[in-house]
Asker: 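I'd like to ask you about the structure that follows.
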Protein chains: 2
Amino acid sequence: MQMVPPDFDRMFGALADHTRRDILRRAIDSEEGVAELATHYPMSFAAVQKHIAVLERAGLVTKHQVGRRKVVRSNVEGLRVARRLLGQYEELWRGRIDRMTQLVNEYTREADQ
Amino acid sequence: MQMVPPDFDRMFGALADHTRRDILRRAIDSEEGVAELATHYPMSFAAVQKHIAVLERAGLVTKHQVGRRKVVRSNVEGLRVARRLLGQYEELWRGRIDRMTQLVNEYTREADQ
DNA sequence: ACTTGATACAACCGTATGGTTGTATTTCGA
DNA sequence: TCGAAATACAACCATACGGTTGTATCAAGT
């Protein structure tokens, strides 16, 4: 299994569409084929097919042959990678707050003396 | 302060660009004006301006007049909202795993009797 | 008041994106 | 083996996106 580096442009790009997020949600808690998924949306089969392809390229879902159809499964690891990046940004923020707090503390201690 | 419902299309769309993620990162741990930010990227001032506008519409940064320029500040709450959604998807996944595990348990218990 | 620095915004251009329809290709069931 | 179901893919269209240049606004400093 080849571990490609996460492509955040594709990941967030894939998540930036309501239909695709809904497909992802469905893929998370059930196993439907492309045609079944397509029935849920007011657009052509081919359009849904393309959305699934986008999610697949982003590493958020995979397709598996089951009988005569292909079942779409979510790839949680992809979600984790994306969430982790956002977490890092928030961590960066915390770090900055800490630095500021420390500066203020040093300053007030100096003023105390 | 008016609390608008989060627009995930815009949020993830804003995050789906390397330059914008970098601007966000910079906005998180320093305070730079639009012009200063623009110096870091191999593109025109106007292009960077547009990227910042996208981040702003997505609720990920805000602009504040400071002296004669406008400083770009990150809005961590926006990041949190986005990360939380991803967390909910992962939670959904855990829920499904739990249901499957329980099914298996009930099945094997039945077989035990 | 005038100049200058910093930002905003409009118009334009090429390419990507989200949708469509139509035509293969594959695989199961009779 | 043949028909039909499920999927894939190409061609096309309208609109959005990321970039450009040019012009306008707006606040500071002299």
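Fair warning: this is a prediction, and the values are worked out from it, not measured in the lab. Below, each value reflects all heavy atoms present in this structure, side chains not excepted, and no hydrogens, waters or symmetry copies.
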Asker: Figure out the CD1/P separation between Ile52(A) and dA6(D), and round it to whole Å.
Answerer: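 About 14 Å, once rounded to whole Å.
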
Asker: So, applying side-chain hydrogen bond (donor to acceptor under 3.5 Å, both in side chains) with His51(B), which one of Glu56(B), Arg21(B), Arg20(B) is it?
Answerer: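 Testing His51(B) for a side-chain hydrogen bond (donor to acceptor under 3.5 Å, both in side chains) against Glu56(B), Arg21(B), Arg20(B) leaves exactly one candidate, Arg20(B).
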
Asker: Can you check the Gln49(B) CD to dC26(D) P distance for me, whole Å?
Answerer: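 Taking atom P of dC26(D) as the reference, CD of Gln49(B) is at 14 Å.
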
Asker: Is Glu77(B) salt-bridged to Arg84(B), cutoff N-O under 4.0 Å?
Answerer: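 The answer is yes: the pair qualifies as a salt bridge.
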
Asker: Rounded to the nearest angstrom, tell me the gap between atom CZ in Arg10(B) and atom P in dA16(D).
Answerer: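 Computing the Arg10(B):CZ to dA16(D):P distance gives 12 Å.
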
Asker: What does Ala47(B) touch in the nucleic acid at a heavy-atom separation under 4.0 angstrom: a base, only the sugar-phosphate, or nothing?
Answerer: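 Base contact - Ala47(B) has a heavy atom under 4.0 Å of at least one base atom.
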
Asker: Within this structure, what is the NE2-to-C1' distance between His51(B) and dA8(C), rounded to whole angstrom?
Answerer: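 After rounding, the gap between these two atoms is 16 Å.
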
Asker: Out of dT4(C), dG19(D), dG22(C), which nucleotide sits closest to the side chain of Arg68(B)?
Answerer: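 In terms of side-chain proximity for Arg68(B), the closest of dT4(C), dG19(D), dG22(C) is dT4(C).
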
Asker: Given dG18(C), is OP1 or OP2 found less than 4.0 Å from the side-chain N or O atoms of Arg20(A)?
Answerer: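 Arg20(A) to dG18(C) OP1/OP2: side-chain N or O found under 4.0 Å.
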
Asker: Identify, between Glu36(B) and Lys50(B), the residue whose nearest nucleotide on DNA chain C lies closer to the 5' end.
Answerer: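 Closer to the 5' end of DNA chain C: Glu36(B).
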
Asker: Base, sugar-phosphate, or nothing for Ala46(A), non-hydrogen atoms under 4.0 angstrom?
Answerer: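 Base, at least one base atom sits under 4.0 Å.
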
Asker: Is it true that a side-chain atom of Asn75(B) and a backbone atom of Gly59(B) form a donor plus acceptor pair closer than 3.5 Å?
Answerer: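 It does hold such a pair.
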
Asker: What's the closest nucleotide to the side chain of Val34(B) if the choices are dA6(C), dA6(D), dA8(C)?
Answerer: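 Closest nucleotide among those given: dA8(C).
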
Asker: Would you indicate whether Arg99(A), at its atom CZ, is surrounded by more than 12 heavy atoms from other residues, nucleotides or ligands within a distance under 6.0 Å?
Answerer: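 More than 12 within 6.0 Å, yes.
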
Asker: Between Asp17(A) and Phe45(B), which is nearer to the 5' end of DNA chain C once each is assigned its nearest nucleotide?
Answerer: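 So the residue in question is Phe45(B).
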
Asker: Below the 4.0 Å mark, does dG19(D) have OP1 or OP2 next to a side-chain nitrogen or oxygen of Ser44(B)?
Answerer: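 For Ser44(B), the contact criterion (side-chain N or O under 4.0 Å from OP1 or OP2 of dG19(D)) is not met.
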
Asker: Determine the contact category for Gly67(A): base if any of its heavy atoms lies under 4.0 Å from a base atom, sugar-phosphate if only primed atoms, P, OP1 or OP2 are that close, otherwise nothing.
Answerer: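 Sugar-phosphate contact only.
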
Asker: Is the phosphate of dT27(C) approached by Lys70(A) (side-chain N or O, under 4.0 Å from OP1 or OP2)?
Answerer: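 Checking Lys70(A) against dT27(C): no side-chain N or O falls below 4.0 Å of OP1 or OP2.
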
Asker: Take the protein atom CD1 of Ile23(A) and the nucleotide atom P of dG18(C), then report the distance between them rounded to whole Å.
Answerer: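 These atoms are roughly 11 Å apart.
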
Asker: Backbone N or O of Leu37(B) within a donor-acceptor pair of the Arg26(B) side chain at under 3.5 Å?
Answerer: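 Not a single qualifying donor-acceptor pair exists.
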
Asker: Determine the contact category for Lys63(B): base if any of its heavy atoms lies under 4.0 Å from a base atom, sugar-phosphate if only primed atoms, P, OP1 or OP2 are that close, otherwise nothing.
Answerer: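 Sugar-phosphate, no base atom in range.
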
